[in-house]
Amino acid sequence: MEKIKMNTPLVEMDGDEMTRILWRMVKDELLLPYVDLKTEYYDLGLKSRNETGDQITVDAANATKKYGVAVKCATITPNVARMSEYDLKEMYKSPNGTIRAILDGTVFRAPIVVKGIEPCVKNWKKPITLARHAYGDVYRNTEFYVDKPGDAYLVFKADDGEERSSRIQRFEGCGVVQGMHNLSDSIFSFARSCFNYALDTKQDVWFGSKDTISKTYDGKFKEIFQQVYENEFKEKMDAAGLVYFYSLIDDIVARVMKSEGGFIWACKNYDGDVMSDMVSSAFGSLAMMTSVLVSPNGYYEYEAAHGTVQRHYYRHLEGKETSTNSIATIFAWTGALRKRGELDGNTELSAFADRLEKAVVDTVENGKMTKDLALITTLENVQVLNSRDFILAVKENL
């Protein structure tokens with residue numbers, strides 16, 4: 001058969017461990033036989049990042065600015081154990097954090113809903129879309145150990161010579177200090193992205209922060225969201241019958257658990273990191289979550305929101321069989337291909353992405369799935385498939 005043509009390349013960011021293995025399988029079995037795949041390839045595996053001093057991550061983000069659409073495999077964010085395992089020159093920051101800082105924007109994550117995989121929160125009837133601010137906070141922090149008595153200060157030196165400082169803490173012994181920041185322009189982009197996405201998908205927006213405690217930092221988020229809503233989106237939201245709701249983050253969490261779903265939950269960077277895992281797991285599996293970074297400048301980066309599945313990778317290296325869920329990885333590719341098709345006016349490419357997603361859903365709903373889903377499905381007499389056989393079952397449906 002003649003392969004579907006691509007007009008413009010995608011930026012392809014390879015990753016680590018078991019998800020890197022799945023990445024290759026998905027390309028070989030589900031993409032390359034049908035699509036004349038054009039990508040600009042960047043290896044963001046930890047070995048490559050170490051060899052380049054993490055410059056390859058920056059290069060991949062800048063390439064995304066050039067081509068507009070990227071697809072990313074899951075990657076390792078190193079800790080102390082990884083430093084030794086990979087003989088790293090330094091403890092590199094999260095690749096996702098680096099990319100998001102360069103592209104700005106908002107990460108939208110939503111569960112992939114299939115029949116037979118029911119939410120463990122029984123009243124959730126509709127998907128909950130997590131909108132995660134993709135800049136700043138602890139992901140752009142500065143921190144160090146304190147190993148002797150002394151005073152820690154927060155200091156700002158303005159270009160015009162003004163200086164402001166505030167004592168954080170008097171240390172009588174050891175401890176730790178952390179400083180973090182955000183940018184008003186980035187928060188404005190975050191708010192606008194959320195309200196635009198709400199109008200596109202016809203969903204309410206819920207946003208929560210801790211402005212009672214963090215009166216200045218979180219208070220700025222609350223203030224900007226309210227300003228953007230009232231000045232730019234209220235009339236449009238009202239006309240569409242949509243609601244913007246703000247409350248403290250702990251109150252929002254309680255309300256989410258009692259809700260039916262079907263709304264956008266806007267979260268600051270760390271809140272979104274944690275809560276997206278909670279929502280995806282409650283809807284079935286961490287491997288059942290779509291994730292896309294939407295930049296206000298028109299850049300899109302699709303990724304698998306879960307980790308690199310380290311335990312399965314070690315089994316794979318021992319030659320043992322694994323049953324690893326590749327659905328989020330497949331949907332990262334389909335999301336990127338669909339957006340590439342939309343931007344290029346390539347309807348065949350977008351239609352292929354739709355068909356591949358339907359083939360995935362049909363495979364699971366027909367009772368063929370990986371072990372993580374088989375353990376929680378309400379379907380009877382299901383067939384548990386290993387990592388490769390699940391992808392081949394999807395290929396058969398495709």
Criterion side-chain contact (heavy atoms from CB on, under 4.5 Å) against Phe207, the qualifying member of Trp265, Phe245, Tyr244, Tyr229: Tyr244
Minimum heavy-atom distance between Lys65 and Leu103, given as atom pair plus value: CG-CD2, 3.8 Å
Salt bridge present between Lys5 and Asp344 (N-O < 4.0 angstrom): no
Verdict with supporting geometry, His306 and Asn325, side chain to side chain contact (heavy atoms under 4.5 Å, CB included): CA-CA 11 Å; His306 55 73; Asn325 191 333; over 6 Å; no
Distance-only polar pair, side chains of Tyr92 and Glu90, donor-acceptor under 3.5 Å: no
Hydrophobic cluster identity match, Ile249 and Ile224, side-chain contacts under 4.5 Å: no
Under the ring-ring contact (aromatic ring centres under 6.0 Å, His included) test, residues paired with Phe221 that sit two or more places apart: His133
Spacing of CG belonging to Asp204 relative to OG1 belonging to Thr129, to within rounding of 0.5 Å: 11.5 Å
Presence of salt bridge, Glu29 and Arg388, under 4.0 angstrom: yes
In one Ile/Leu/Val/Met/Phe/Trp/Tyr side-chain cluster, 4.5 Å: Ile252, Ile264: no
Residues Glu303 and Arg109 bridged, charged N to O under 4.0 Å: yes
Euclidean distance, Thr363 OG1 relative to Met369 CE, rounded to 0.5 Å: 10.0 Å
Qualifying residues under side-chain hydrogen bond (donor to acceptor under 3.5 Å, both in side chains), relative to Ser209, sequence neighbours excluded: Tyr246
Lys3, NZ atom: more than 12 neighbouring heavy atoms under 6.0 Å: yes
Ser276 side chain vs Gly272 backbone, donor-acceptor pair below 3.5 Å: yes
Within 6.0 angstrom of Glu235 CD, more than 12 heavy atoms from elsewhere: no
Modelled atom types, side-chain donor and acceptor of Asn96 and Ser94, under 3.5 Å: no
Residue pair Lys27 / Pro33: nearest heavy atoms and the distance that separates them: O-CD, 4.1 Å
Criterion salt bridge (charged side-chain N to carboxylate O under 4.0 Å, His left out) against Asp16, the qualifying member of Arg49, Lys72, Arg82: Arg49
Same apolar cluster: Met289 and Leu293, side chain cutoff 4.5 Å: no
More than 12 heavy atoms from other groups under 6.0 Å of CD on Glu163: yes
Between Tyr41 and Asp14: side-chain donor-acceptor atoms closer than 3.5 Å: yes
From CZ (Arg340) to CG (Asn346), nearest 0.5 Å: 9.5 Å
Test: Arg132 cationic atom under 6.0 Å from Tyr139 six-membered ring centre, within 45° of axis: yes
Inter-residue atom distance Ile187.CD1 - Lys222.NZ, 0.5 Å rounding: 14.5 Å
Distance-only donor-acceptor check, side chains Gln310 and Tyr314, under 3.5 Å: yes
Residue that, paired with Lys268, satisfies side chain to side chain donor-acceptor pair (under 3.5 Å) out of Asp137, Asp273, Asp218, Asn182: Asp218
ILVMFWY network linking Leu373 to Val394, side-chain heavy atoms under 4.5 angstrom: yes
If you look only at distance, which donor and acceptor atoms sit under 3.5 Å apart when one is on a side chain in residues 350-360 and the other is two or more places apart or in another chain?
{"residue": "Ser350", "atom": "OG", "partner": "Arg338", "partner atom": "O", "Å": "3.0"}
{"residue": "Ser350", "atom": "OG", "partner": "Glu342", "partner atom": "N", "Å": "3.4"}
{"residue": "Asp354", "atom": "OD1", "partner": "Arg338", "partner atom": "NE", "Å": "2.8"}
{"residue": "Asp354", "atom": "OD1", "partner": "Arg338", "partner atom": "NH2", "Å": "3.0"}
{"residue": "Glu357", "atom": "OE1", "partner": "Arg338", "partner atom": "NH2", "Å": "3.0"}
{"residue": "Glu357", "atom": "OE2", "partner": "Thr334", "partner atom": "OG1", "Å": "2.7"}
{"residue": "Glu357", "atom": "OE2", "partner": "Arg338", "partner atom": "NH1", "Å": "3.3"}
{"residue": "Glu357", "atom": "OE2", "partner": "Arg338", "partner atom": "NH2", "Å": "2.9"}
{"residue": "Lys358", "atom": "NZ", "partner": "Asp362", "partner atom": "OD2", "Å": "2.8"}

Lys371 NZ: over 12 foreign heavy atoms closer than 6.0 Å: no
Taking every non-hydrogen atom, the tightest pair across Thr75 and Thr308: C-CG2, 3.5 Å
Residue pair Glu223, Gln227: steps toward the side chain to side chain donor-acceptor pair (under 3.5 Å) verdict: CA-CA 6 Å; Glu223 174 192 323; Gln227 180 181 333; over 6 Å; no
Same apolar cluster (I L V M F W Y, side chains within < 4.5 Å links), Tyr217/Phe190: yes
Ring-ring centroid check Tyr302 Phe331, cutoff 6.0 Å: no
